[in-house]
Amino acid sequence: MSELSRAATDGAREVGAAIDPRQRAWVEVAPKAIEANAAALKSHLGATSDLMAVVKADGYGHGAITVARAALNGGATSLGVATLEEGIELRRAGLKAPMLLLGNLTQAEELRSCMHWGLMPTLSSMREALLCQNLAEGSGRRFAVQLKLDTGMSRLGCDWQEGPRLVEAIRQLENLELCGLYSHLACADNDHEDDDISVTAQQQRRFQEVLDQLPERGRGLCRHLANSAGTLLNRHLHHDMVRVGLALYGQAPAKHLDDVVPLQPALAVRARVTLIRNIPAGVGVSYGHRFVSQRPTRLAVVAIGYADGILRALSGKIHGLHGSQRLPQVGAITMDQVLLDATEAPSLETGSTVTLLGRDGDAEISPQDWSELCGSIPWEILCGFKQRLPRIEV
Ligand SMILES: *Cc1c(COP(=O)(O)O)cnc(C)c1O
């Protein structure tokens, strides 16, 4: 490397190190809120049920490592991830809690890696069980696994009627340790507690029917069924453990489950105003001129866009918060910028911070608000914030 290019590289590094992550747009994450939510959820469970913190998809966009640590501090005793990479990231960060891989691994290499890192795979069939047995036998180890039953989701898992037979067959495999038996609810966020013809009630009956056919009703296995909605819906769904994602992040999975456990949102999305413009009435704004000013308008250009996760489908429907004041977002949301009508907010200036999602003063915008405006769900909103937004712990 020449002197000149080395100087340039060093220079770039210096400048890079000086960049304030709050310069443009960022996600604020409150680990204390996650910890409090875990504690509140744990105290909602009976003494015989444990809390698994589901931290897949980078902790629903909050940062998996941050969230995992906070949830374990709050009383969670295990972690759920979707992919092998997610599990390895947490192990590399020094997290030692039991970890269940909720997705299905199909390749021997993936399962070997799973065993190596001490991650429990989810098995849906004998094929995977035998793969695991071969790997474990070959390395002279015992491999902890869990079996999943399909009780009505029609996604992963074996047919629930096959459950007792598969449990028995897996228990015959010398190098496998069957630690858990579980299923997943399909409709718990739509169902109501006292509705015994609901899909949830049927899934619960099927799950229980499998347990009833096992020696000692499956004692010794960790038996689990409930996601956030199931956890909040009905205590009978708790079994030995619940797997909670959305509620851990402070969001109830449905309006009628809002007040079951006090939850605190843990994430805010904020961005800076980079320019203030005054335009007369009758001027088109942003791509396609979907907005035309009806009066002389004070426009604020804010440095965040759909490439950060502000869905374009929300164009003209959302607000930015300035203190407790709600400023309408106008025109098409663009890749890197959005426009706010700041006519009523003369104190908003270049460099001011605007909140797109989360709390500012007395006002709050929730993932639920956004999802209702664009036909999505809060889960998708939360995991839609891109890597371009630095995560900052507050
Ligand atoms: C994602 C996931 C959960 C968590 O669901 P929430 O609705 O976010 O609580 C639980 N179990 C399984 C199998 C999952 O894939």
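Predicted model, so just to flag it, every value in this text is computed and none were measured. Counting starts at 1 for both ligands and their atoms, following the listed order.
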S.K.: Would you please classify the geometry between the Tyr249 ring and the Tyr60 ring as parallel, tilted or perpendicular, with 30° and 60° separating the classes?
M.R.: parallel
S.K.: Could you find the nearest protein heavy atom to atom 4 (C) of ligand 1 and give me its residue, atom name and distance?
M.R.: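 Result: Tyr60 OH, 3.5 Å.
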S.K.: Going by the atom numbers of ligand 1, which of them fall below 4.0 Å from some non-hydrogen atom of Leu246?
M.R.: 6 (P), 8 (O), 9 (O)
S.K.: What is the nearest protein non-hydrogen atom to atom 7 (O) of ligand 1, stated with its residue, atom name and distance?
M.R.: Trp379 NE1, 3.1 Å
S.K.: Can you tell me which residue among Ser228, Pro253, Pro367 is in a side chain to side chain contact (heavy atoms under 4.5 Å, CB included) with Trp379?
M.R.: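 Result for side chain to side chain contact (heavy atoms under 4.5 Å, CB included) with Trp379: Pro253.
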S.K.: Tell me the protein heavy atom at minimum distance from atom 2 (C) of ligand 1, and give that distance in Å.
M.R.: Lys56 NZ, 2.5 Å
S.K.: Return a yes/no value for Leu102: is any of its N or O atoms, backbone included, closer than 3.5 angstrom to an N or O of ligand 1?
M.R.: no
S.K.: Got the closest protein heavy atom to atom 9 (O) of ligand 1, with its distance?
M.R.: Ser228 OG, 2.5 Å
S.K.: Please report whether ligand 1 has a polar contact with Val244, defined as an N or O pair separated by less than 3.5 Å (distance criterion only).
M.R.: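 No, since none of the N or O atoms of Val244 sits under 3.5 Å from an N or O of ligand 1.
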S.K.: Mark yes or no for whether Arg235, through its side chain, and His44, through its backbone, hold a donor-acceptor pair below 3.5 Å.
M.R.: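 The answer is yes, because a donor-acceptor pair under 3.5 Å joins these two groups.
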S.K.: So which protein heavy atom does atom 11 (N) of ligand 1 come closest to, and at what separation?
M.R.: Arg243 NE, 2.8 Å
S.K.: Answer yes or no: are there more than 12 heavy-atom neighbours, outside Arg171 itself, under 6.0 Å from its atom CZ?
M.R.: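 Count over threshold, so yes.
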S.K.: Determine whether a donor-acceptor pair (N or O, by modelled atom type, separation under 3.5 Å) exists between the side chain of Gln146 and the backbone of Tyr182.
M.R.: no
S.K.: If the cut-off is 4.0 Å to any non-hydrogen atom of Asn227, which atoms of ligand 1 fall inside it?
M.R.: 5 (O), 7 (O), 9 (O)
S.K.: Geometry only, no angles: is Lys148 polar-contacting ligand 1 at N/O separations under 3.5 Å?
M.R.: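 Between Lys148 and ligand 1, no N or O pair is found under 3.5 Å apart.
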S.K.: Between Glu174 (side chain only) and Gln172 (backbone N and O only), is there a donor and an acceptor less than 3.5 Å apart?
M.R.: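 No.
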S.K.: Would a distance-only check, ignoring hydrogens and angles, find a side-chain to backbone donor-acceptor pair under 3.5 Å from Asn175 to Arg141?
M.R.: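 Yes, the answer is positive, given that a donor and an acceptor are paired below the 3.5 Å cut-off.
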S.K.: For atom 12 (C) of ligand 1, grab the closest protein heavy atom and report residue, atom and distance to one decimal in Å.
M.R.: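 Looking only at protein heavy atoms, the one closest to atom 12 (C) of ligand 1 is His184 CE1, 3.4 Å.
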S.K.: Here's a test for you: under side chain to side chain contact (heavy atoms under 4.5 Å, CB included), which of Leu72, Leu100, Val54 qualifies with Leu79?
M.R.: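 Of all the options given, the one that passes is Leu72.
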